[in-house]
Amino acid sequence: MDLKKLLNPAQWEAVMHDDGPAMIVAGAGSGKTRVLTYRIARLMLEGTDPFRILALTFTNKAAREMKERIAAVVGESRAKNIWMGTFHSIFARILRLEADKLGYTSSFTIYDKDDSQKAVTSVIKELGLDKEIYKPRQVLNRISALKNRLITPDKYGDYVELINEDVQRRQPDFIRIYHRYNDLLFRRNVMDFDDLLLKTNELFEKYPEILGQYQRRFEHIMVDEFQDTNYSQYRIVRALADFYQNLTVVGDDSQSIYSFRGAEVKHFLNFMREFPGVTVYRLERNYRSTKHIVKASNSLIAHNKYGLKKELWTENEEGEKIRIMALSGDRSEASWIARDLIRRLEQKGLRYSDAVVLYRTNAQSRPLEDAFRAYGIPYRIYGGISFYQRREIKDVLAYLRLLVNPRDDEAFLRIINFPARGIGKKTLETLSVLADRHGLSLYELTQDIDRLAGGMLNARARNKLKDFAVMMEHFRIRARELPVDELAKAVIKRTGLLEAYRKEYDVDADRHIENVEALVNAMREFVESQSELADGDPGLERFLSEVALQTDMDMADDDENAVTLMTLHMSKGLEFPVVYISGLEEGLLPAGVTMFDRENLEEERRLMYVGMTRAKKLCTLTYARSRMRWGTVYESEPSRFLSEIDEAHVQWLRQPPADSPPAPAEPASPARRGISRTIRPSNLKPLKRAAKGGAPPVRLAEGDRVRHERFGNGTVKKVVLDGENSKATVEFDYSGTKVLLLRFAKLTRL
DNA sequence: TCATTGGGCTTTTTT
DNA sequence: AGCCCAATGA
């Protein structure tokens, strides 16, 4: 095959890059997937063993699709042997192989955020700490950030500033929680998401010979979306590439949007310095979008100060201008999008699946869903509560998890009394004490409860526990002979899960029961697809591992003719002929908490840029003057990003907002008139650039103790009430005295 | 032990 | 507005 015909000169150069480090700076729509695909295919055609290629992608779906495209060139049997997947799934696989070196068994469980948070909660409780001060979610976020920087509890003490921070945040016992949480996970034979990366680093550090083995195995390493790697991931890549130095990274600093989970663009930007002798390839020609879309996006991102300067260009048609539409409320915004979408798709002869509606927060999908249903538009929604996080799915999986890992107390607690079998709080408390005493997990204890109870449990409770253990052991035997989907069916039937849902959800139960059926189907598909693979593993452990790392996106069914609804974050890497971005309002995009910090604001702008550059033909931006948030209607102003786009590429479908004070907003919708609106004093002067979508004001009095996210704790010295311009003077314990606009400041009263 | 109710919290984004 | 959790009573 003649690659030169399929690629432009810049792409061809990158594909033909020989040995040594390479950095591909690939603008949106410039064909970077194409380059990666053909680069790998080319290596294989020239004789590289697929087992010796490691390709790290951002989603499992991206990996699957790339494999398919490579398969078209080199054949499926060879393509599927490439080590290709997300950081998490690849290194979970490696960790299972090497688990014993780190004191885990190869059937360790992977906790998702939900499980981890429950573990944190139980630790906080166990240590007798106040969960109002140590908010589990917040604590877990901090733990996650630390793990991504490879700061383990042991190393924590080396960082004086961290300890100071804890004191300042009034959380001096944070480190104890972190420590205990890690111990708990270890005892349970469990890793959380961040452990999959952190433990890989530990493995390579502790066992240089194992690192050496993988270094020599992976002759070529490719990393996609490199601008979104965090330190932990970066270290893994660095270590693995150290022997051959055949590392190709692909990225676009303008599309770095994951700093909140520890990603740092500097890994990409400093790549040249870190890997001397690197060859840089730049892909700046866009093949995806019309001229108007490319130029409009360029003009937006030009407002960012940080980042590589580059200018995307295209030879595609001029196309239509970016359309901007102002609506009165979120509901009218949604129904306008629905109507416009039908009209435009018809006009262009496109299908529903050619369109996507993007938004900043998952919560914004609601009115869109309502409108789409009302207009009979088929849609598919991604994100929010993903399939595998649904309660009924987690219930079924907990039974299977406990079979695989009897030390997974979280799984045990989830199902020990669901469906109800009369094992209550009291029994579980006793059980927990006993487990501590014997150094056993709850399930291990349950298996031999008569001997271990030591007179602490009555016969009734013991019998119920024994029944449970007998049932589980029965499943364990069946697990040896049944494929996973059949095993799940047996579990569902024997435990009476479906009946429990019928009872609990009443008329609403069907949805939940359908989900359980969908799970069983997914399991069957898993068994079938694994048995087709050369090194396939249709086992329960592998299934659970994949499931823990699966996202909604990975389960996408592309054949369905439906409009896509998703967050801007999830849209990265995708493209659609028709794109709507909704909710372009101050306080929403840019999000409220990000508006006052340059770095954060720039990331919001990149997010908007990512959204716009998804569009091939038509890009439409909408905003609403009022929006329902937290059950209350808030008024909002158009996003600053709208006015940052070069007007030459914009068509306002309604008049652009004048500089004069905005007219009083119409009610959000007739149905909601008068209910729960925020009251606005009539003498209030409209404030320019006011962010009414910000945090709702907190009622404060002098002398109140408050907490601010950035400034820490303080005492309220003075309060001036003036409608939306109400201010408070706060003397912070460590950050001095500040005058805060209550509408903006995120203050919590202590 | 189980079911119901009310209060508090949420919405920034996710492997 | 919806979800989760704690407190309360049967």
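For clarity, every value in this text was computed on a predicted model and none was experimentally measured. Residue numbers begin at 1 in each chain, while the letters A, B, ... track the order of the sequences.
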Task: Working for side-chain hydrogen bond (donor to acceptor under 3.5 Å, both in side chains), residues A:N182 and A:T152 - done: CA-CA 9 Å; A:N182 259 5; A:T152 54; over 6 Å; no

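- For the segment residues 425-434 of chain A, residues with any heavy atom less than 4.0 angstrom from an atom of DNA chain B are, sorted by number, A:K425, A:K426, A:T427.
- Among residues two or more places apart in sequence or in another chain, the ring-ring contact (aromatic ring centres under 6.0 Å, His included) test is passed with A:F91 by none.
- Checking A:R235 against A:Y231 by side-chain atom types alone, a donor-acceptor pair falls below 3.5 Å.
- Taking the six-membered ring where the residue is Trp, the centroids of A:Y623 and A:F641 are separated by 6.0 Å or more.
- No side-chain donor-acceptor contact under 3.5 Å links A:D195 to the backbone of A:L198.
- A donor-acceptor pair is defined here as one N or O able to donate and one able to accept, closer than 3.5 Å; no such pair exists between the side chain of A:S256 and the backbone of A:D252.
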Using a cut-off of under 3.5 Å, enumerate the N/O to N/O pairs linking the protein to nucleotides 2-4 of chain C.
none

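- A:R598 is linked by a side chain to side chain donor-acceptor pair (under 3.5 Å) to A:E602, counting only residues two or more places apart in sequence or in another chain.
- Of the residues listed (A:K113, A:K147, A:K118), the one engaging A:D192 in a salt bridge (charged side-chain N to carboxylate O under 4.0 Å, His left out) is A:K147, and it is the only one.
- Atom OH in A:Y634 sits about 13 Å away from atom P in B:dT10, given to the nearest Å.
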All N/O pairs under 3.5 Å across the protein-nucleotides 13-15 of chain B interface:
unit_1: B:dT13; atom_1: OP1; unit_2: A:N362; atom_2: N; d: 2.9
unit_1: B:dT13; atom_1: O4'; unit_2: A:R360; atom_2: NH2; d: 3.4
unit_1: B:dT13; atom_1: O2; unit_2: A:R360; atom_2: NH2; d: 2.7
unit_1: B:dT13; atom_1: O2; unit_2: A:H569; atom_2: NE2; d: 3.3
unit_1: B:dT14; atom_1: OP1; unit_2: A:T567; atom_2: OG1; d: 3.1
unit_1: B:dT14; atom_1: OP2; unit_2: A:N362; atom_2: ND2; d: 3.4
unit_1: B:dT15; atom_1: O4'; unit_2: A:R261; atom_2: NH1; d: 3.4
unit_1: B:dT15; atom_1: O2; unit_2: A:H88; atom_2: NE2; d: 3.1

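- Remark: the separation of the P atoms in B:dT13 and C:dC4 is 16 Å, to the nearest Å.
- Side chain to side chain, A:R96 and A:S545 meet the donor-acceptor criterion of an N or O pair below 3.5 Å.
- In this structure a side-chain-to-backbone donor-acceptor pair under 3.5 Å is present from A:R462 to A:L457.
- Among the heavy atoms of the strands, none lies under 4.0 Å from A:K464.
- Taking all atoms of both residues into account, the shortest heavy-atom contact from A:Y359 to A:S365 is OH-CB, 3.5 Å.
- Rounding to whole angstrom units, CD of residue A:E585 and P of B:dT11 are separated by 19 Å.
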Can you name the atoms? Protein N/O to nucleotides 2-4 of chain B N/O, anything below 3.5 Å, with the distance.
unit_1: B:dC2; atom_1: OP1; unit_2: A:G422; atom_2: N; d: 3.4
unit_1: B:dC2; atom_1: OP2; unit_2: A:N417; atom_2: ND2; d: 3.1

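- For the pair A:R627 CZ and B:dT12 C1', the interatomic distance rounds to 14 Å; values are reported in whole Å.
- Although no hydrogens or angles enter the test, the distance criterion places a donor-acceptor pair under 3.5 Å between the side chain of A:Q171 and the main chain of A:I133.
- Distance A:D597 CG to B:dT12 P: 15 Å, rounded to the nearest Å.
- Side chains of A:D395 and A:Y501: a donor-acceptor N/O pair is present below 3.5 angstrom, by distance only.
- One can place CD of A:E132 at 16 Å from P of B:dG7, the figure rounded to the nearest angstrom.
- B:dT12 atom C1' lies 15 Å from atom CD of A:Q138, rounded to whole Å.
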